[in-house]
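Let me give you the structure first, and then I'll get to my questions.
We count ligands from 1, going down the list as the structure has it; atoms in each ligand are counted the same way. Residue numbers run from 1 in the order of the sequence given.
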Amino acid sequence: MSAAIITTPPPLCHPRAVGQSFFLPWPTISRFASSYCTKRDSDAINEHYFSRKSLKCWDKFYKRHQNKFFKDRHYLEKDWGKYFSDNDNGAISADGKVLLEVGFGAGNTIFPLIAAYPKLFIHACDFSTEALNLVKSHSNFDGDRINAFTCDVTHEELCDKILPSSVDVITLIFMLSAVSPNKMPFVLQNLKKVLKPNGQILLRDYAVGDFAQVKLENRNQMISDNFYFRGDGTCSYYFSEDFLSNLLVNAGFEIVDMTTYCRQVENRFRNMTFQRRWIRAVFNKAGL
Ligand SMILES: C[S@@+](CC[C@H](N)C(=O)[O-])C[C@H]1O[C@@H](n2cnc3c(N)ncnc32)[C@H](O)[C@@H]1O
């Protein structure tokens with residue numbers, strides 16, 4: 001039997017020590033973990049650190065920007081109106097659709113949809129308590145039509161808050177990119193459990209080649225392939241169509257539609273142009 005080589009792990013390997021060393025920058029802690037621990041331990045440390053740090057950074061983000069950072073997403077009606085409408089196949093049903101908005105932020109997806117579709121009921125979750133406070137104090141918040149709650153979808157079961165197979169449509173609007181790619185398969189299984197058979201996931205998010213990715217790449221802010229941390233500590237993944245389709249198909253979804261689109265944005269003040277790239281996709285829960 002071969003003797004196992006045991007190197008004394010640094011105090012960092014203790015989960016509590018990970019929490020205490022929160023002030024260390026991400027690349028330092030990540031490199032430290034991978035040099036001193038087994039791959040599995042270092043992955044666990046990185047994930048643990050990531051999810052704690054991510055929550056703190058989003059809380060700070062909303063404390064700082066309140067509801068001033070994102071604009072209301074009125075384009076959702078134009079792009080996906082048929083998925084929100086209760087007027088299915090021309091027959092007007094008595095009940096509206098049930099939607100789940102994951103990572104609701106300041107409510108820029110929720111409030112335009114509630115206004116445009118009077119029968120829509122929205123479950124909405126975010127792991128940030130600051131975001132929850134913003135949404136609940138919004139002048140258009142209606143407790144009879146919006147069930148807003150905190151949930152970290154990378155490790156808390158949505159089924160504990162919403163009935164299984166009860167949701168018609170799930171929106172992921174610039175949300176999945178905020179999650180570590182290692183956790184994305186868990187998140188999708190979590191969503192799948194609350195989605196009705198043949199229910200849809202509607203996703204809009206950052207695509208590879210977006211100018212923000214190029215900027216983060218140039219500043220050495222990469223965590224792993226296509227995954228970066230920003231200056232404020234929040235993170236962002238940039239999706240290719242291949243990555244996104246494999247992820248969703250492996251999780252048991254069918255691709256209904258997927259487009260990457262690109263817009264040239266001009267900054268006249270700085271005399272510069274930027275390439276913005278987004279991916280927009282619809283997935284169907286396959287089978288029963
Ligand atoms: C870019 S914002 C998107 C906001 C919103 N969907 C919209 O349309 O404006 C991403 C949101 O995802 C939330 N988030 C990130 N990771 C999360 C997680 N693991 N569980 C739940 N929410 C998360 C953040 O708090 C943040 O509010």
Q. Do H155 and F186 have their ring centres less than 6.0 Å from each other?
A. no
Q: Using distance alone, decide if ligand 1 has a nitrogen or oxygen within less than 3.5 Å of any nitrogen or oxygen in F70.
A: no
Q) What residue and atom, counting heavy atoms only, is the protein's closest point to atom 20 (N) of ligand 1, and at what distance? A)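 For atom 20 (N) of ligand 1, the nearest protein heavy atom comes out as V153 N, 3.2 Å.
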Q) Which one holds for C151 and ligand 1: side chain close, backbone close, both close, or neither close, with close meaning a heavy atom under 4.0 Å? A) backbone
Q | Distance-minimising heavy-atom pair for N190 and L158 | A | OD1-N, 2.9 Å
Q) Of all the non-hydrogen atoms in the protein, which one sits nearest to atom 26 (C) of ligand 1, and at what distance? A)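 Answer for atom 26 (C) of ligand 1: Y62 OH, 3.3 Å.
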Q: Run the numbers on E254 and K285 for salt bridge (Lys or Arg N to Asp or Glu O under 4.0 Å), then give the verdict.
A: CA-CA 6 Å; E254 291 158 353; K285 178 170 162 180; over 6 Å; no
Q) Relative to the heavy atoms of A178, which atoms of ligand 1 are at a distance of less than 4.0 Å? A) 15 (C)
**Q.** Carboxylate-amine/guanidinium proximity below 4.0 Å for K161 and E156
**A.**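 The answer is no: the pair does not qualify as a salt bridge.
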Q: Can you sort out which atoms of ligand 1 are near T154, meaning under 4.0 Å from one of its heavy atoms?
A: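 Answer, ordered by atom number: 19 (N).
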Q. Under 3.5 Å between some N or O of ligand 1 and some N or O of T109?
A.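 Yes; at least one N/O pair falls below 3.5 Å.
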Q. Is there a donor-acceptor contact under 3.5 Å from the side chain of Q200 to the main chain of V169?
A.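 Here the side-chain-to-backbone pair does not exist.
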**Q.** Which residue and heavy atom of the protein sit nearest atom 25 (O) of ligand 1, plus the separation
**A.**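 It is D126 OD1, 2.6 Å.
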Q | For F227 against S177, the heavy-atom pair lying closest together | A |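 Closest approach of F227 to S177: CE1-O, 4.0 Å.
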Q. Closest non-hydrogen protein atom to atom 19 (N) of ligand 1, residue and atom name please, with distance?
A. D152 OD1, 2.8 Å
(Q) Between the side chains of K60 and D232, is the shortest nitrogen-to-carboxylate-oxygen separation below 4.0 Å, so that they form an ion pair? (A) no
**Q.** Nearest neighbour in protein (non-hydrogen) for atom 14 (N) of ligand 1
**A.** F127 CE2, 3.5 Å
Q) Do the side-chain N and O atoms of T273 and E266 include a donor-acceptor pair separated by under 3.5 angstrom? A) no
(Q) To check your reading of the model: name the closest protein heavy atom to atom 1 (C) of ligand 1, its residue, and the distance in Å. (A) F174 O, 3.2 Å
Q | Shortest protein heavy-atom distance from atom 7 (C) of ligand 1, along with the residue and atom involved | A |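 Minimum-distance protein heavy atom for atom 7 (C) of ligand 1 reads R73 NE, 3.2 Å.
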(Q) Is the distance between the ring centroids of Y206 and Y237 under 6.0 Å? (A) no
Q. Does any N or O atom in S54 lie less than 3.5 angstrom from one in ligand 1, N or O only?
A. no
Q: Look at atom 4 (C) of ligand 1 and say which protein heavy atom is nearest, naming residue and atom and giving the distance to 0.1 Å.
A: G103 O, 3.3 Å
**Q.** Aromatic ring proximity, centroids under 6.0 angstrom, F70 and F174
**A.** no
Q: Compute the minimum heavy-atom distance from E101 to ligand 1 and say whether it is under 4.0 Å.
A: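 It does; at least one heavy atom falls under 4.0 Å.
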